Structure formats: structure tokens, C-alpha cells
Amino acid sequence: MTRQLRLFLILLGLALASLAAAGQALAHAALIRTAPADGAVIASAPAEFSLSFSEPVSPLVLSLIGPDGASRALTRFTLGDRTLTIIAPSDLANGTHVLSWRVVSEDGHPVGGSVLFSIGAPSAAPPILTAQTDPAVRFMLWLGKLGLYLGLAFGIGGVAFMAWVAPLPAAARAPIASFLALGLLSMPIAVAAQGLDALALPLSAALQPVAWQAAAASSFGRTALIATFALLAALLALFRPGGRGRLLATFVWLGVGAALAASGHASAAAPQFLTRPAVFMHAVGMAGWAGALLPLAFALRQPDGAQVLRRFSRRIPVLLVIILISGLALAIIQVERLQALLTTPYGLVLTGKLALVVALLGLGAFNRFRLTEAVVSGRASARSQLSRIIAAEIALVVAILAIVALWRFTSPPRALAAAAAQPASVHIHTGKAMADINVTPGRTGPVTISVSLLDGEFGPLAAKELRLALSRPEVGIEPIERQATRQADGSWLVSDLTLPVAGRWTIELEILVSDFEMTRLKETLEIRP
Amino acid sequence: MKLLLGLGLALFAGPALAHVTLETQSAPVGSTYKAVARVPHGCKGAATIKVRVQIPEGVIAIKPMPKAGWTLETVKGKYEKSYDYYGTPTSEGVREVVWSGGKLLDEHYDEFVFRGYLTTDLKPETTLYVPVVQECEGGAVERWIEIPAAGKSADDYKFPAPGLKLIPKK
């Protein structure tokens with residue numbers, strides 16, 4: 001062997017040895033310590049952040065996501081040994097911040113993560129925002145509802161007069177029929193607007209089948225169906241006097257209750273055994289009372305008007321009691337707190353409605369206790385005065401219904417609280433494992449995440465450990481990692497977490513099935529603002 | 001500059017060095033294989049005090065190499081089936097090898113060695129994974145146990161199990 005060759009071989013050996021040595025020294029960096037610590041609540045804004053790693057690192061991206069969700073790059077930092085010290089911006093707001101980091105270690109393997117810390121206190125959940133639909137669609141919705149209500153109250157309610165007071169005066173038939181027609185004509189408007197609102201489409205999409213399908217699929221679809229049948233049947237009853245007509249009139253009257261109890265905030269509230277019958281009774285009572293006004297006005301022009309009036313006066317208290325009791329029950333369930341009457345849109349609508357109802361009751365009481373006797377005893381001036389008051393009452397009922405139709409745009413305090421508390425859920429199913437994940441409440445702010453695990457065949461999955469990693473790559477939030485704790489019922493819980501921004505979060509589950517077996521599940525879920 | 005250097009080194013050396021890996025990364029089936037598990041670092045800075053190796057199905061006749069300063073134990077059990085070991089049917093043996101009681105600092109490097117027979121029941125042209133659990137002071141654990149799903153590589157995982165490419169019998 002020549003000297004040159006030997007030298008070459010020695011050098012080659014040295015080079016290989018140094019490579020191997022270099023290789024063995026390389027390792028990926030793990031985050032060992034942070035200041036502030038992950039999940040910490042600190043009294044005042046820090047002047048700097050520090051991240052200590054197990055190996056030397058170089059930062060790739062450092063960003064800070066504030067309580068308002070805005071992200072800013074952190075560019076001022078110093079590297080010392082294995083600790084990265086970052087100069088904090090001086091204007092940090094109170095609330096929860098996310099320090100998101102991505103670094104590369106000497107092995108070229110980028111690693112990332114997030115440190116969650118709060119200044120003062122963790123960010124509270126933001127106030128609830130309700131989605132806004134096209135104003136034209138909202139007006140159309142209101143108009144459709146109002147038309148429907150007028151049809152039910154004066155149309156079907158007018159027909160119901162036959163059932164509980166007296167045969168209809170012939171002259172009242174035409175106006176009652178027009179109200180029934182109004183109800184029927186309003187139906188397509190109400191249905192289309194319902195669909196547009198459900199899908200947040202503009203008015204121009206009113207003729208698209210998708211809007212109609214959405215409306216039909218909603219609970220309002222049932223209301224529309226029942227109301228349409230009731231309105232058509234009422235038209236039949238209107239022109240069929242006698243026993244059969246009265247029977248049909250009774251049925252369509254009850255149809256008003258069935259139609260309105262089939263949908264709406266109040267019907268949907270719990271407890272259902274109370275709310276649905278209450279809405280039903282309230283609607284039936286309302287239609288009976290309001291619907292009687294038109295026939296009464298016409299009856300007063302007939303010779304037997306006094307007799308009809310007396311019969312109405314004797315029977316109306318039953319309906320009023322039904323209306324008031326059912327209305328009171330619904331108000332208590334929906335409003336929950338007295339001050340909500342003035343502080344929430346729903347409460348304000350109710351307050352406005354109640355004011356008009358009080359006026360209506362006042363007029364009614366005056367009619368009953370003053371004018372009815374005068375009319376019965378045959379004073380002509382009393383008759384004309386009563387007619388004028390009934391006209392005013394009709395105007396009041398129209399105003400009440402116009403206000404009630406506004407309820408479509410407000411959510412009762414009960415529903416708002418329930419909507420805010422609604423969890424964001426996702427179900428992951430793979431051949432190896434299944435997970436049901438619930439983030440409660442499903443909106444930004446402090447949350448609790450519960451996870452139920454099953455194996456791929458719906459059997460129990462006894463995991464040893466469960467780690468969650470939540471990330472929002474689009475806004476630069478690297479995974480926020482948390483260890484879940486096992487609960488007595490076998491589910492897993494993470495409670496010390498604040499989600500700072502809304503949107504589609506990626507959630508990754510790292511399930512340690514046994515010492516040597518790990519399963520990962522990954523899915524996204526939507527966090528509301 | 002440091003980033004470039006890091007990336008350059010990474011391309012040269014391969015990211016696999018970041019993890020617990022096997023020194024010899026390919027071997028024919030139907031042969032005896034000497035497994036050298038390389039432990040490059042502790043758990044997030046904590047010193048390693050225990051190394052557990054799960055013997056994959058199809059690897060038999062395990063003989064771990066004792067290590068000065070460490071207590072060597074094995075866990076024996078039944079195999080899923082009987083394997084042929086040079087004409088001897090073998091249906092039970094070592095399922096897990098445990099080195100404990102030592103102390104490997106984060107800044108040090110060590111290797112843990114065992115020998116085993118790769119039976120001909122193992123499929124050539126596949127990767128055999130050998131899960132390793134590294135336990136450290138203070139209760140920290142690093143589990144090198146993730147087995148890549150079809151279409152993924154070990155690089156897609158944070159804690160990939162050390163792998164060994166099987167080649168046809170010589």
C-alpha cells in the first residue's frame with residue numbers, strides 16, 4: 001500500500017467518523033421550559049418571553065395572537081445557548097394571548113407549538129352576536145308572517161264566530177273571506193322568506209327550489225301546511241251554514257292553535273308538555289277573540305245585534321282567561337328574568353305587545369261593562385259608539401299582530417343563553433378508534449373539552465393516556481397541547497384551556513392504547529365567535 | 001445562516017437521527033439480526049433511566065446483550081403462532097427486553113443491543129417496526145412507538161418507532 005493511499009484511507013476514515021459523530025449529536029429539539037408558563041395567568045404584561053429547548057434551535061416563525069384575534073410577528077429576539085428570548089411588544093392588552101412558535105433544530109426538523117398565557121385574567125367569552133340576513137328578506141319575512149297572522153286571526157277567527165257565538169251576519173262573509181285569502185296569499189311569501197333566511201340567501205334567490213326545500217324542512221313547514229289546510233277548510237265552512245258548517249268551523253279554529261304550536265321559539269322551548277299546549281291555547285283564544293270583532297261589528301247593524309252581543313259578552317271571559325294564563329306561562333319560560341323585558345329585543349317586543357293588549361283589554365272592559373247594557377236596552381247612540389270602538393279594537397289587534405311578527409327576528413333570552421352554551425362537536429371514526437369530542441361552549445373564551453373514546457367496533461377503549469393538540473394553522477397558531485384527565489365515567493376531560501380565536505380549529509388526539517401502541521385521530525371543528 | 005446550516009446538515013444526515021433508531025436498517029429474512037438501538041437524547045432534557053423494547057411478532061430467539069450499570073430483564077410470552085427456527089418449532093419466547101437502573105444523561109449517547117432471528121414468515125420488502133419506550137427521571141416518558149399508516153413515512157410522525165427494511169432471504 002502506498003503512503004498516499006494510506007493517508008487517503010485515514011482521511012476518509014476520519015471524515016466518516018466525524019460524520020457519524022455529527023449525526024449522533026443531532027437530535028430534534030423539545031421545548032423544556034417557557035416563561036410565562038403554558039396556561040399561566042400573570043398579573044401584568046411581561047417585558048419578554050423565553051422558550052428553552054433541549055437542543056439549540058433557530059426560529060422560523062414567532063407570532064403572538066392577542067385577545068382580539070389579531071396576529072403579529074415577533075421579530076426581535078436573541079438566541080443564547082438553548083434559550084430563545086423574545087422582546088415582548090409593549091402594548092399587550094389584558095386577556096388571553098397565544099405565543100406561537102416554530103423553530104428548526106440542528107437536525108433540520110421543524111417543530112412548533114403554542115404557549116397560552118393570560119394577562120390579568122383569561123379572556124371571557126365575547127358577547128353574543130346574531131347573524132344578520134338581507135334586510136329585504138327580513139321585511140319579506142315580517143310581511144309574510146303578518147299576512148298569515150291576519151288570515152288566522154280575522155279569517156279563521158271570524159269563521160270560528162259561528163262555532164262559539166252565533167251564525168255569521170251575511171255581510172261579514174266577504175271581509176272574512178278576504179282575510180282568509182290574504183292568509184293564503186301570504187303563505188308562499190312567508191315560506192320563501194323562511195327558506196332564504198335559513199340559508200342566508202338574498203331576496204333574488206326567492207324562486208330557487210333550494211330556499212323552498214329549506215323552509216319545508218324547517219318546523220315552519222309544518223305550520224305552513226296546517227295553516228293552509230285550515231284556511232282552505234275555513235273558506236268551505238264560511239259558505240256552509242248550519243250544523244256541518246259549525247262543526248267545520250270548530251275544527252279550523254283548533255287548526256289555528258295546531259299551526260302556531262307547530263313552530264316558533266315558544267313551541268320549541270322546554271318543557272314541551274307545557275309550552276306546546278300553551279301556544280295552542282293562546283293561539284285558539286286569540287283567534288276567537290280577535291275574529292269575533294268583525295262579525296260583531298256587522299251584527300250590530302242587524303236587528304238581533306243586541307242578542308248576539310249579549311251572548312259574546314257572556315262567553316268571552318273564558319277565552320280571556322285562557323289567553324292570559326297561557327300567555328303568562330310562556331312569558332315566564334321565555335323571558336326568565338324580569339329585567340330582560342327591557343334589556344333584550346325579545347323582551348322589548350313583549351313589552352310593546354303587552355302595552356297594546358292592556359289598551360285592548362281596557363276597550364273591551366268598557367264595551368262589556370258600559371256599552372253592552374246600553375245597547376241591549378236599545379240606545380241607538382250606544383250602538384254607533386260600540387261600532388267605532390270595535391273598529392279601534394280591530395286596529396289594535398292588527399298592531400299587536402304586527403309587533404308579534406317581529407318576534408321572528410329576536411331570540412328569547414332562554415334561547416340566546418342556550419345557543420351560547422351549545423357545544424361544538426365532532427365525531428371521528430377510523431378503523432382503529434372512534435372519538436366523540438365536545439367543546440363546551442363551542443365559542444371563543446374558556447372552554448372545556450370532553451372526549452369519549454371507543455374502539456373501531458364500538459367497544460370500550462381503555463386508553464392509558466390521551467393528549468389533545470389544538471391548532472389553527474391559517475392564523476399561525478401552532479398546536480396547543482394539553483393532557484386530558486380520565487373521569488370516573490371513563491371519558492376524558494381538558495378544562496384549563498382558553499380558545500382565543502374563532503374559526504375552524506384542527507384537533508388532534510394522541511391516544512396511548514398500551515405502552516407500545518399509539519393511535520392518532522385528527523379532525524377539524526368550528527368554533528363560533 | 002444557522003438555519004441554512006441546519007437544513008444542510010439535515011439533508012445530509014437525515015432527520016431519522018433525531019429519534020431512537022436502529023443502527024443497521026436493513027436485513028434479510030431468515031437470518032440472525034443484531035439490533036443496535038441508538039438513544040440520542042433524554043426525555044425533554046431528563047436523563048434516561050429505563051429502555052423498553054417490544055419484540056415484534058415474527059422475531060424469535062432473542063438474546064439481549066447485558067450492559068454495565070444496567071439491570072437486564074426480559075418478559076417472555078406466547079407468540080401468535082409457531083415459528084420455524086432451523087427446524088425447531090418455536091411458539092414462545094422473549095416479547096420484551098428491559099434495561100433499567102442505569103442513568104443516561106441527556107447530553108450523552110448510548111446504544112442498547114440485542115440479537116434475534118428474523119423468521120421467514122416475515123414479508124420481505126416491508127418495514128419491520130420495533131417499538132421502544134424510553135423512561136426518564138421525573139416520570140417523563142418518550143414513546144417511540146408510532147407505526148406509519150399506509151402511504152405515510154416515519155418522517156410524518158413525532159415519535160416514530162425504529163424501523164428495519166426487510167429484504168429477501170439470501
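Values in this document were obtained by computation on a predicted structure and should not be read as measured data. Just so we're on the same page: letters track the sequence lines, and every chain starts at 1. The analysis underlying the following values was restricted to heavy atoms, covering all of them including side chains, and did not include hydrogens, waters or symmetry mates.
- For A:R76, the CZ atom is loosely surrounded, since the number of other residues' heavy atoms within 6.0 Å does not exceed 12.
- The CD1 atom of B:I147 lies 11.0 Å from the CZ atom of A:F516; values are rounded to the nearest 0.5 Å.
- Between A:L512 and B:I145, some side-chain heavy-atom pair lies under the 4.5 Å cut-off.
- In the displayed structure, A:R486 atom CZ is contacted under 6.0 Å by more than 12 heavy atoms of other residues, nucleotides or ligands.
- Evaluation of the side chain to side chain donor-acceptor pair (under 3.5 Å) test over residues 113-128 of chain B, restricted to residues two or more places apart or in two chains, returns B:K81-B:D121.
- Within the 4.5 angstrom heavy-atom criterion, only side-chain atoms of B:E96, from C-beta onward, approach chain A.
- By the 4.5 Å heavy-atom criterion applied to side chains, B:R143 and A:E465 are counted as neighbours.
- Other residues, nucleotides and ligands contribute over 12 non-hydrogen atoms within 6.0 Å of the NZ atom of B:K67.
- Residues B:K158 and A:M518 form no side-chain contact, since every pair of their non-hydrogen atoms from C-beta on lies 4.5 Å or further apart.
- Interface remark: B:E146 contributes side-chain atoms only to the contact with chain A (heavy atom separation under 4.5 Å).
- In this structure, chain A has no heavy atom under 4.5 Å from any part of B:V130.
- In this structure, the portion of A:R82 lying under 4.5 Å from any heavy atom of chain B is its side chain and not its backbone.
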